[in-house]
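Just so it is clear, the values below take in all heavy atoms, side chains as well, and ignore hydrogens, waters and symmetry mates.
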Amino acid sequence: MKWIRRVFLLLAVLACVLAGAVLWTALDSQKPVGFQITQAVDEGGQAFPIGVWYPTEARPWPTSWLGLRLMKVARDAEVAGSGLPLVVISHGNGGGPGSHAGLALALAGAGYIVAAPMHARDNFTDQSAAGTVPWLGARSRQLRASVDHMLGRWEGRTRIDAGRVGAFGFSAGGATVLAALGARPDLGQIAAHCARTPEFICKLLREGRSPLLNPAQARAGNVLSPDARIKAAVVAAPGLGFLMQPDALAGVRAPVQLWSGERDTHVPYASNTRMVREGLGQRAEFHSVPGAGHFSFLVPCGLFGPPLLCADSADFDRDAFHESMNASVIAFFGKHLGSLAQAPR
């Protein structure tokens, strides 16, 4: 029986070591950040959760697990500061509020309130809306509903400056944010593009027998919800970029910081980000990231995570990249959304 006790003792030690490592590697920020989950409803009555990060004076603890990482935050603490800018985050297809938790923490630590909705029926628990005719339109309405909720119903709404709203979007979230800025992509072009350039999304749409491959059906469902309250946006590896011809981007007036990974094979630069970059012209501040793949823009994975989302090329340091990118994003929003003088110091 001694060997059984030894095995249990070894397992207990390993569990303690593992728990300690998870706590040690929890996502953190330079200044205290509060976190909570609130619930919003879009104009169609669809409810969806929103992860919210914000400045606080409460003591943070590694207590909240969101997506791939544990976070060091003060759960449901009081908001500190007033007149704070708001940034909404739109995750990619099959993602969730935690997809960009590192960026959210960095922004909140710098004095922003950050709201990351879980897009209904296009998240890691339910992807049933992906590839349907109203897919992009529903996403844009949920992003608008998130701003409505944060400014009109969230308990900390009086701390927000409604005149300083920004947005961040990745992959399908990039297309969502561009639509919110006034882009008018023609979904009827999907079939023709996929016939010429069989990239990743085309494979997914074909396998799912998506009605978006029928031009008439796709155009019928292209109902988007622009939001003029968004004054600046950051877009990373925008999905459906091939639909963003110059005319489609004519309505985008806000400045955009645009990111692309040089090794992105899921959303290739040539047929996606390049189209957005050329269509926006001087309105875009462009960043090309050497060694980055598509999922390199997701939060660094820490100890655990699926290889598809967490594996980078051997010469790419995702942690170092995110530290640099987060600083660039904060500087961009600081330039275009105004001073953070009223945020806690």
Side-chain angles (χ1 to χ4, degrees), residues 37-54 84-93 95-97 99-100 104 107 112-123 126 129-130 132-185 187 221-236 238-240 243-244 248-257 276 333 336-337:
I37 296 177
T38 185
Q39 195 86 355
V41 179
D42 68 19
E43 61 187 38
Q46 174 71 62
F48 58 94
I50 302 176
V52 184
W53 294 257
Y54 49 87
L84 306 176
L86 169 69
V87 173
V88 288
I89 293 180
S90 179
H91 63 74
N93 167 236
S99 295
H100 305 282
L107 283 165
Y112 293 79
I113 292 176
V114 182
M118 176 180 276
H119 285 292
R121 298 177 58 221
D122 185 15
N123 55 70
D126 178 5
T132 63
V133 171
W135 175 38
L136 184 58
R139 277 177 148 269
S140 70
R141 289 191 295 275
Q142 288 156 18
L143 196 67
R144 184 184 183 93
S146 298
V147 178
D148 289 342
H149 178 81
M150 295 302 295
L151 297 181
R153 289 176 291 279
W154 182 55
E155 61 185 36
R157 59 189 178 277
T158 59
R159 306 299 186 108
I160 301 174
D161 182 344
R164 296 196 290 164
V165 179
F168 173 92
F170 164 70
S171 196
T176 304
V177 167
L178 288 170
L181 293 179
R184 306 298 298 180
L187 273 65
N222 192 11
V223 180
L224 306 174
S225 297
D227 193 339
R229 294 170 297 185
I230 298 176
K231 306 301 184 186
V234 178
V235 173
L240 300 175
L243 301 179
M244 303 294 179
L249 292 165
V252 177
R253 302 300 182 204
V256 176
Q257 188 181 70
V276 177
F333 282 133
H336 295 289
L337 296 182

TODO: Taking side chain to side chain donor-acceptor pair (under 3.5 Å) as the test, write out the residues that go with Glu155, two or more places apart.
DONE: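 Per chain and number, Glu155 pairs via side chain to side chain donor-acceptor pair (under 3.5 Å) with Gln36.
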TODO: Name all residues meeting the side chain to side chain donor-acceptor pair (under 3.5 Å) criterion together with Thr38; count only those two or more places apart in sequence or in a different chain, and write none if there are none.
DONE: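 Here the qualifying residues are His149.
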Within the 4.5 Å heavy-atom criterion, are [X] and [Y] side-chain neighbours or not?
X: Val276; Y: Pro238; answer: yes
X: Pro117; Y: Gln142; answer: no
X: Leu224; Y: Arg184; answer: yes
X: Met150; Y: Arg157; answer: no

Task: Qualifying residues under salt bridge (charged side-chain N to carboxylate O under 4.0 Å, His left out), relative to Asp148, sequence neighbours excluded - done: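 Residues passing salt bridge (charged side-chain N to carboxylate O under 4.0 Å, His left out) with Asp148: Arg229.
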TODO: Tell me, please, which residues at least two apart from Ala248 pass side-chain contact (heavy atoms from CB on, under 4.5 Å).
DONE: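 None.
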Task: Partners meeting side-chain contact (heavy atoms from CB on, under 4.5 Å) with Pro255 (sequence neighbours left out) - done: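 In terms of side-chain contact (heavy atoms from CB on, under 4.5 Å), with neighbours along the sequence ignored, Pro255 is linked to Ala232, Phe332, His336.
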Open item on the list: Looking at every heavy atom in both Gly166 and Phe333, which two are closest together, and how far apart are they?
Closed with: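 In terms of heavy atoms, the two residues are closest at CA-CE2, 4.0 Å.
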With a 3.5 Å cut-off and sequence neighbours excluded, list the donor-acceptor pairs that the side chains of residues 167-182 form with protein atoms.
| residue | atom | partner | partner atom | Å |
| --- | --- | --- | --- | --- |
| Ser171 | OG | His294 | NE2 | 3.0 |
| Thr176 | OG1 | Arg139 | NH1 | 3.1 |
| Thr176 | OG1 | Ala172 | O | 2.8 |

Please table the atom pairs, donor to acceptor, closer than 3.5 Å between any side-chain atom in residues 46-54 and protein atoms at least two apart or in another chain.
| residue | atom | partner | partner atom | Å |
| --- | --- | --- | --- | --- |
| Tyr54 | OH | Ala77 | N | 3.1 |
| Tyr54 | OH | Ala77 | O | 2.7 |

